[in-house]
Amino acid sequence: MKRVFAVNDISGIGKCSLTAALPIISAAGVECDPIPTAVLSTHTGNISGYTFRDLTSDLDAYAAHWKKIGIKPDTIYSGYLGSEKQIDFVISLIDGFSGPETMITVDPAMADSGVLYSGFDNSFADKMKLLCSKADIITPNLTEACILTGNGYTECGGPEFIRNLVLSLARFPKKYVILTGVSDIKGKTGCCVYDKASGEARYFSTGKCDGTYYGTGDIFTSVLTALMTRGEDVFASAEAAVEFTYKAVLETYRQGTDPRLGIAFEKYLKDLVPGE
Ligand code: PXL
């Protein structure tokens, strides 16, 4: 069985970070080994009063124990990280556990809708660039892409703007840039996948629901990471991840629940289960 190390926080409510990665990667038939960086009562997006227990001081011993008992990952996947120290930890994890066959996925989760998430600053964003340069695949949203490349943020840049952004992001990862929350079709959303080796760029698009849905980036990158770890090609994996995320957002919209409390992806987990 393939194994993913997932370095991310646990937000008790919100179905993002590890509470998305664990069910999604497991459903896809890949073992998900969590490395929890912090425990929060909820995610931090537009909800006040959340608790935050930082686990940074546990991380080195946690990884050292895995090293001692001989656990080896096929993929190392990092998402939301709470501090520059935690970025340093992920870099040391990559140095200590990866070989030529290990896939490294970095979701530089730090911003959305034109602004950094609460608690992050420019110095954190600079350190995130270093982590992105250790990755095979990066999955920034439009805001994160603008921060990483030093571009001014605009929500509705045309195809030329997106093309330049993707090419500019290509300096970071070894293999693929996957820019999320964009489309080449007006009124749609999805992602743009750029393969550095071939120079090929492809868009995958779906419809768009009104409103802000927290955790979509984590859901998208968890599906993508699981499928690629399973051996599927980057374009097929990104297309499946876009579709899965859209179905779940649509379900949330239909249910009419508060989108801050999480995306209703459970019903679609069965679509990720590998065939016999
Ligand atoms: O989904 C990204 C994410 C993960 N973890 C925490 C967050 C967020 C986004 O706001 O606050 C704690």
Side-chain angles (χ1 to χ4, degrees), residues 4-25 32 34-56 58-59 76-87 89-90 105-121 124-125 127-128 131-132 135 137-148 153 178-181 189 191 209 211-226 241-242 244-246 248-249 252 257-266:
V4 173
F5 285 6
V7 193
N8 216 324
D9 69 84
I10 297 184
S11 294
I13 295 290
K15 291 189 276 181
C16 57
S17 35
L18 282 178
T19 58
L22 278 161
I24 288 172
I25 294 171
C32 181
I35 304 186
T37 53
V39 179
L40 295 85
S41 53
T42 66
H43 64 72
T44 66
N46 203 16
I47 302 182
S48 58
Y50 52 83
T51 67
F52 188 113
R53 171 74 59 192
D54 184 2
L55 298 178
T56 308
D58 286 0
L59 297 176
I76 297 173
Y77 160 31
S78 74
Y80 181 99
L81 299 167
S83 63
E84 289 181 48
K85 268 196 178 154
Q86 292 191 347
I87 297 180
F89 167 76
V90 179
T105 308
V106 171
D107 183 1
M110 59 181 168
D112 205 355
S113 309
V115 286
L116 283 163
Y117 291 145
S118 136
F120 293 134
D121 58 17
F124 179 90
K127 192 109 202 193
M128 188 55 92
L131 178 57
C132 286
I137 307 165
I138 58 170
T139 60
N141 62 30
L142 200 52
T143 306
E144 290 150 357
C146 290
I147 292 169
L148 291 170
Y153 172 74
I178 304 184
L179 178 60
T180 65
T189 189
C191 73
C209 280
T212 304
Y213 292 90
Y214 295 91
T216 51
D218 300 334
I219 292 168
F220 172 87
T221 309
S222 295
V223 175
L224 175 95
T225 299
V242 161
F244 182 89
T245 307
Y246 180 57
V249 167
T252 315
T257 45
D258 180 345
R260 293 177 306 170
L261 304 185
I263 306 296
F265 59 73
E266 290 82 351

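We use all heavy atoms of the structure for the numbers below, so side chains are in, but hydrogens, waters and symmetry mates are not. Both ligands and their constituent atoms are indexed starting at 1 by order of listing.
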Would you mind writing out a table of all protein N or O atoms found under 3.5 Å from any N or O atom of ligand 1, naming both atoms and giving the distance to 0.1 Å?
{"residue": "ligand 1", "atom": "1 (O)", "partner": "D218", "partner atom": "OD2", "Å": "2.6"}
{"residue": "ligand 1", "atom": "5 (N)", "partner": "D9", "partner atom": "OD2", "Å": "2.7"}
{"residue": "ligand 1", "atom": "11 (O)", "partner": "T44", "partner atom": "N", "Å": "2.8"}
{"residue": "ligand 1", "atom": "11 (O)", "partner": "T44", "partner atom": "OG1", "Å": "2.6"}

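Counting only N and O atoms by type, the side chains of T189 and Y246 include no donor and acceptor under 3.5 Å apart. Looking at T221 and T139, their side chains do bring a donor and an acceptor atom within 3.5 Å of each other.
Among residues two or more places apart in sequence or in another chain, the side chain to side chain donor-acceptor pair (under 3.5 Å) test is passed with D9 by S11, S17. Residues that satisfy the side chain to side chain donor-acceptor pair (under 3.5 Å) test with R53, not counting sequence neighbours, are absent from this structure. Residues passing the salt bridge (charged side-chain N to carboxylate O under 4.0 Å, His left out) test with D121: none are found, sequence neighbours excluded.
Checked by atom type and distance alone, the side chain of E144 pairs as donor or acceptor with a backbone atom of A111 at under 3.5 Å.
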